[in-house]
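Encoded as structure tokens, the structure appears first; notes follow it.
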Amino acid sequence: MAITEKDKLLIVFPSPLPNGFLDTLAKRFPQLRIRCEIASIGGDSRAVDALPDDIWDGVTIAALFRPPRADKLKDVKFVQLGSAGWDAWLEHDVFLNKDVAFACTSGVHPPQMAEWAIGAWLAHTHDFQTFMKQAEREEWKKGSTSLDQPVTDSVGLRMGIMGYGSIGRQVARLASALGMEIYVQTANPRPTPESRKLHEYIVPGTGDPDGLIPAKWFSGSGPEAVNEFLSQDLDVVVLSLPMNPQTRHCIGAEQFQILSKKKPYLINVARGPIVDTPALIEALEQGLLRGAALDVTEPEPLPTGHPLWKAPNVFITPHISWRSYKLTQRIADVIFQNLERWDKGEPLLNAIKR
């Protein structure tokens, strides 16, 4: 659908856009009316709804994070989300209108999130926390023998990744470079080379766009499929799968018993409710896992005094693995590419299939 002088683009962003981005848009699409506003994304849509009504007049293309009231988007034809997920839009009238195109920004987070995951693993196995505390005390101590604190290096270990989208693929790339063997599981089978390709935004030079890294590829989302995958003598388990009714609490007491054979390190950069928290605490206390790195929890935020804070060998951060100073530029890149595709009538990048 060609962009015409009747079209108006409204960008609502939580921070300033990259220098020169709006000028680039104006030069490439001189017929397009462009309006940009700064509004907090927060935890709800109040900041977006508080924008003056005249801003929304005639908007046919919107690039934003939080959903405003449906009447503000009465003329919209295409919504480009600034987020990778769209759970906040599921019951929104505009989202339910199949005549309105939607796309997300999946693929803008993998570099930083994969670094968080691998960094957490390396910090654990090299016991960085112990030595950081020693350094604060100005204490040079490495034990009476080199075997007091054995280090498990990554060469020859097996990493299992549940969910093999853009984040899982970048984790696989980094782990493979460390010498790990990669097993993956996806909800749907990927039997052919074409089915294993990733058809979404990819930061150049990252990930596994053709799906060539995994040594084995499993599929299925039910308990039997999950249990089979977790039975593969995994040394590290990474959760990077989407949150939905099928994946909620898919890792619980039964799964931790299966994992106890190898006692792997668990990394969750997906969503907290994928893991049954009481079962995780018990698994850590009983030594069924060698440890866990959690950027997401259930509940979230994790309240003061929650027993998960005190569980042994757990590393917790407050859902910040997505942060990167390059994030805004990557989101802007997706916006620009999809405006190009919309103008040329080509399939959108990261189109949301409702």
Side-chain angles (χ1 to χ4, degrees), residues 1 11 13 18 21 61-65 78-90 95 98 100-117 161-176 182 184-214 217 219 221 238-244 246-247 269-271 274 321-324 326-354:
M1 183 180 294
I11 302 175
F13 221 71
F21 177 64
I61 305 172
L64 33 72
F65 286 78
F78 166 40
V79 176
Q80 171 66 64
L81 301 182
S83 58
W86 55 89
D87 47 302
W89 289 79
L90 289 178
F95 189 80
K98 299 299 179 63
V100 179
F102 271 78
C104 67
T105 53
S106 180
V108 301
H109 305 103
Q112 59 269 35
M113 293 184 69
E115 288 180 11
W116 185 98
I161 303 175
M162 294 183 66
Y164 205 55
S166 56
I167 295 169
R169 292 174 189 238
Q170 179 64 2
V171 173
R173 184 186 182 101
L174 299 185
S176 179
I182 309 299
V184 303
Q185 183 193 36
T186 53
N188 299 314
R190 307 291 179 88
T192 66
E194 181 60 31
S195 69
R196 296 187 176 194
K197 292 182 178 180
L198 185 67
H199 299 284
E200 61 181 44
Y201 177 78
I202 300 172
V203 176
T206 70
D208 179 25
D210 293 323
L212 301 178
I213 290 177
W217 200 304
S219 63
S221 57
V238 179
L239 306 179
S240 61
L241 64 168
M243 176 66 198
N244 57 48
Q246 288 71 41
T247 60
V269 291
R271 289 291 185 268
I274 288 172
S321 64
W322 55 270
R323 289 182 175 178
S324 170
K326 296 181 180 179
L327 181 61
T328 301
Q329 179 59 61
R330 292 173 185 149
I331 294 174
D333 189 28
V334 175
I335 293 173
F336 185 85
Q337 289 193 43
N338 268 340
L339 287 174
E340 287 266 9
R341 289 168 177 251
W342 184 256
D343 185 47
K344 297 175 182 177
E346 298 176 351
L348 293 172
L349 194 62
N350 296 348
I352 297 174
K353 299 176 183 178
R354 287 164 284 175

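The closest side-chain heavy-atom distance from N350 to E200 is below 4.5 Å. A heavy-atom distance below 4.5 Å is found between the side chains of H109 and L327. The side-chain heavy atoms of M113 and Q170, taken from C-beta on, include no pair separated by under 4.5 Å. L81 places a side-chain heavy atom less than 4.5 Å from the side chain of I352. Looking at heavy atoms from C-beta onward, F21 lies in side-chain contact with I11 at the 4.5 angstrom threshold. No side-chain heavy atom of D343 sits under 4.5 Å from any side-chain heavy atom of L339. A heavy-atom distance below 4.5 Å is found between the side chains of T105 and Q80.
A donor-acceptor pair is defined here as one N or O able to donate and one able to accept, closer than 3.5 Å; no such pair exists between the side chain of R330 and the backbone of V203. Side-chain atoms of R341 never come within 3.5 Å of backbone atoms of E346 as a donor-acceptor pair (strictly under, hydrogens ignored). The closest donor-acceptor contact from the side chain of N244 to the backbone of Q246 lies under 3.5 Å. In this structure, the side chain of D208 does not engage the main chain of R169 through any donor-acceptor pair within 3.5 Å. Using a distance-only test at 3.5 Å, with no hydrogens or angles considered, a donor-acceptor pair links the side chain of T247 to the main chain of P242.
Across P111, S106, S240, a single residue satisfies side chain to side chain contact (heavy atoms under 4.5 Å, CB included) together with I167, and that is S240.
Distance check: I335 CD1 to T328 OG1 gives 9.5 Å after rounding to the nearest 0.5 Å. Taking CZ of F95 as the reference point, atom CH2 of W86 lies at 7.0 Å (rounded to 0.5 Å). Annotation: the span from S221 atom OG to Q185 atom CD amounts to 8.0 Å, rounded to 0.5 Å. Put simply, CZ on R271 and CG on L239 are 12.5 Å apart, with the number rounded to the nearest 0.5 Å. For the atom pair CG of L349 and CG of N338, the computed distance is 5.5 Å after rounding to the nearest 0.5 Å. Rounding to the nearest 0.5 Å gives a distance of 10.5 Å between OG1 of T186 and CG of L241.
Ring planes of W217 and Y164: perpendicular class, angle over 60° (limits at 30 and 60°).
Across every non-hydrogen atom of W116 and S321, the tightest pair is CG-CB, 3.6 Å. S176 approaches I182 most closely through the heavy-atom pair N-CD1, 4.3 Å. Closest heavy-atom contact between A101 and W342: CB-CZ3, 3.8 Å.
Looking at D333 and Q337, their side chains do bring a donor and an acceptor atom within 3.5 Å of each other.
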